[in-house]
There are 2 protein chains.
Amino acid sequence: MARKKSLDEGPDLRVLILERASELFHERGYSATSIRDLADAVGISSSTMYHHFTNKQEVLHAIVSRFMTDFVDATVPVLRDESLSPGERVRHVVRLHLELSDDRRPELLVGNPIRYALDPAQQAEGIKLQTAYHDAFRDVLAEGVAAGEFRIDDVTVTTMAVLDMLNGVREWFAPAGRLTRDAIVAQYTALTQRLLGA
Amino acid sequence: MARKKSLDEGPDLRVLILERASELFHERGYSATSIRDLADAVGISSSTMYHHFTNKQEVLHAIVSRFMTDFVDATVPVLRDESLSPGERVRHVVRLHLELSDDRRPELLVGNPIRYALDPAQQAEGIKLQTAYHDAFRDVLAEGVAAGEFRIDDVTVTTMAVLDMLNGVREWFAPAGRLTRDAIVAQYTALTQRLLGA
């Protein structure tokens, strides 16, 4: 086991805990992983672990929260960037959505089937971040319609359809599969254009 | 509580158990529901319950298996019906997919986040049924391309995109929402046509 890390390795240690924890939850499942397993995997004592997180649910919440915050910080400014056309913003965000979902797969799969393990306040925070992304996406579609760039019957339904289609990829995409990630991004960019009537 | 039902009420009682169980798993969660809770909800003794299912995991497996079998039995013959054009088959199946997902929502939501509770053999059976649907869908897209009815770059990727888009609806569709179920079906039929270049 690595040397025990001291308490003052604050922010980096916290990120390290979250990354190892997301891998363990992903591999073994949330309920099969104890807070002691997490401490062992990082190479810290249980007491250092408890200095950072009171319980396992807090670790899960921090993983989901950190991923969603990073996702929103990466995508929403692009969706709201008025120096780009709506079509350019959507193309850029389709790539970001697929790449972030792939790069941070353990964190993302964790956040999904076991989101029920979070308490209502923790769930509400995740929903708020999802809503920020959804709303920015919907607004750029509405802008594209107003500008005559997109032909869309129902902006809200089409937003859900595009986001569900993009979210599906993480469930089946295999980096070693027939298509490279870039090829998948190109396909989904074209499919999104079709849904938007671009 | 209803009168205790006798063992000879076999097939109907089994279906009743599965329907009540899917509602309880859906409302309270799988881990929070005991086999005794299920027996109580149906109004049978625990021993009658154990006559039908050895444990809770078997109940879950039977729910998932029954739903998936019904889904495949309803959709695959339509997708393989050569008396209809590929476009007609897809339109019919988009409606079936969305309606079955809505009608049997408790069974479907059950099968998803907690599919990890199933053992590998049980999971393999579900995957086999999913694959039968996926393959029939992919084949009708390939037929449509060959007939010049669809313009599709990659039939496999487009199959996943359409199915992920359709599967997403059950997560957010609210029967009391702004759009009726028929309106959602009409929207998704049109969106699917776009993805297929129909």
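Throughout, a chain's letter reflects where its sequence line sits, starting with A, and its residues are numbered from 1. What you see is a predicted model; the values in this text were computed from it and never measured.
The nearest pair of heavy atoms linking A:Ser85 to A:Glu149 is OG-OE2, 3.6 Å. In terms of heavy-atom proximity, B:Phe137 sits nearest to B:Leu79 at N-CD1, 3.7 Å. Across all their heavy atoms, A:Ser101 and A:Phe71 have their closest contact at OG-CE1, 4.4 Å.
Of the two parts of B:Leu179, only the side chain, counted from C-beta on, holds a non-hydrogen atom closer than 4.5 Å to a non-hydrogen atom of chain A.
Checking each of B:His61, B:Glu125, B:Glu58 against B:Leu118 for a side-chain contact (heavy atoms from CB on, under 4.5 Å) leaves exactly one that passes, namely B:His61.
For residues 155-162 of chain A, the interface with chain B (any heavy-atom pair closer than 4.5 Å) comprises A:Thr156, A:Val157, A:Thr158, A:Met160, A:Ala161, sorted by residue number. Residues of residues 185-198 of chain B that come closer than 4.5 Å to chain A, counting heavy atoms only, are B:Gln187, B:Tyr188, B:Leu191, B:Arg194, B:Leu195, B:Leu196, B:Gly197, ordered by residue number.
By number of non-hydrogen pairs under 4.5 angstrom with chain B, the leading residue of A:Asp153, A:Asp164, A:Ile152 is A:Asp164.
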Original post:
Does the side chain to side chain donor-acceptor pair (under 3.5 Å) test come out yes or no for B:Thr180 and B:Asp182, once each step is laid out?
Top reply: CA-CA 5 Å; B:Thr180 64; B:Asp182 275 348; 5.7 Å; no
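Under a cut-off of 6.0 angstrom, the local environment of NE2 in B:His92 is sparse, with at most 12 non-hydrogen atoms contributed by other residues, nucleotides or ligands. Under a cut-off of 6.0 angstrom, the local environment of CZ in A:Arg80 is crowded, with over 12 non-hydrogen atoms contributed by other residues, nucleotides or ligands.
Counting heavy atoms from C-beta outward, A:Val140 and A:Val93 have side chains that stay 4.5 Å or more apart.
Checked by atom type and distance alone, the side chain of A:Asn167 pairs as donor or acceptor with a backbone atom of A:Leu163 at under 3.5 Å.
To the nearest 0.5 angstrom, A:Arg89 atom CZ is 9.5 Å from A:Asp139 atom CG.
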